[in-house]
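Atoms within each ligand, like the ligands themselves, are counted from 1 in listed order.
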Amino acid sequence: LLPILLHRFLYRKVTPTTEPTFLLLGPSGGGKTAFLTLTERNVVASTHTSTAPQTIEATLPDGFTPNSSHYRSPGDPAYERSRRFLLVDTPGHGKLRRFATTQLVKPTNVRGIVFVVDAASVAEDAGLNETAEYLHDVLMALQKRYTGAKTSKGPKDIPVLIAANKLDLFTALPPHLVKLQLEKAISEVRTNRAKGLRDSGVAMGGEDDGLDEEREWLGEGGEGSFEFAQMEEVGISVTIKGGNVIGTEGVDTAGWYEWIAEQL
Ligand code: GDP
């Protein structure tokens with residue numbers, strides 16, 4: 001009997017998940033785990049530093065209608081099914097980010113990326129730079145996924161929501177400033193990366209530095225500043241919406257659930 005069970009276990013059909021998946025990305029401390037917990041139970045529990053990805057199965061809260069279900073009524077099984085999604089929390093620590101990148105290279109059912117930002121920390125240089133570097137790399141991975149696609153149709157778009165979190169803090173920047181600051185900081189990251197490539201290319205005497213540089217350049221060419229709108233050209237829409245997962249005056253995550261609903 002044991003061999004049979006073992007065989008069954010080893011060769012059991014792993015049913016691939018078909019539920020739309022949203023990845024939570026962003027630097028450590030932004031509030032990813034808090035948002036995951038809120039979405040899972042609709043209560044905020046204390047969070048611990050996440051060291052491994054965690055997936056939860058969630059249902060869109062009442063009051064938000066999935067884009068695909070505008071003509072269905074609540075109670076209809078298809079409507080209820082369309083409200084379900086998976087939320088994957090990823091560790092934000094430097095070394096553990098590789099997991100997130102792997103997910104981007106081979107995304108299974110990834111319907112969108114929620115990049116959680118501490119809107120208070122980006123008011124300071126250190127927080128801003130860390131966030132901008134991480135976001136630059138995420139957008140770069142998506143851009144490469146698009147430009148490297150084998151089919152002429154291109155891969156399915158993966159939109160990005162920048163969730164400007166912790167707006168309950170008086171030190172938090174409002175979303176439009178978070179956007180401007182990030183665009184400015186990403187412009188710098190992109191220039192520095194290009195310079196780094198150029199320097200290493202010169203050192204190695206490589207011949208197609210120009211090509212490499214082009215491939216590693218986020219958004220439109222040219223020396224101008226980076227804008228999220230430039231990502232549209234490679235099929236990536238970037239939206240920024242503010243909110244807070246925790247706060248003495250209550251929680252505000254409506255904008256983020258609205259965005260998720262639009263992708264469902
Ligand atoms: P993660 O590393 O991105 O998963 O971040 P966590 O979810 O662990 O949150 C980091 C810290 O920020 C925790 O102490 C949270 O309680 C706190 N936090 C998360 N969201 C908010 C928010 O909206 N407002 C405030 N004031 N604190 C928050």
Quick check on contacts: which atoms of ligand 1 are under 4.0 angstrom from a heavy atom of [X]?
| X | answer |
| --- | --- |
| K32 | 1 (P), 2 (O), 3 (O), 4 (O), 5 (O), 7 (O) |
| N244 | 23 (O) |
| L169 | 26 (N) |
| A34 | 7 (O), 19 (C) |
| S28 | 2 (O) |

Inset, instruction - Before accepting this row, confirm whether a basic side-chain N of the pair K241/D252 lies closer than 4.0 Å to the acidic partner's carboxylate O. - result: no
Inset, instruction - State plainly whether the residues E188 and K184 are in salt-bridge range, i.e. N to O under 4.0 Å. - result: no
Inset, instruction - Could you tell me whether a side-chain N or O of N165 sits under 3.5 Å from a main-chain N or O of G30, the two making a donor and an acceptor? - result: yes
Inset, instruction - Take every heavy atom of G26, measure it against each atom of ligand 1, and state whether any distance is under 4.0 Å. - result: no
Inset, instruction - From atom 20 (N) of ligand 1, work out which of N165, D168, L25, L38 has a heavy atom at the shortest distance. - result: N165
Inset, instruction - Among I236, L135, T239, I240, find the residue that satisfies the side chain to side chain contact (heavy atoms under 4.5 Å, CB included) test when tested with F228. - result: L135
Legend entry - F115: which of T131, L24, L23 passes side chain to side chain contact (heavy atoms under 4.5 Å, CB included): T131
Inset, instruction - Please indicate whether any nitrogen or oxygen in G30 is less than 3.5 Å from any nitrogen or oxygen in ligand 1. - result: yes
Inset, instruction - Please check if atom CD in E233 has more than 12 non-hydrogen atoms from other residues, nucleotides or ligands closer than 6.0 Å. - result: no
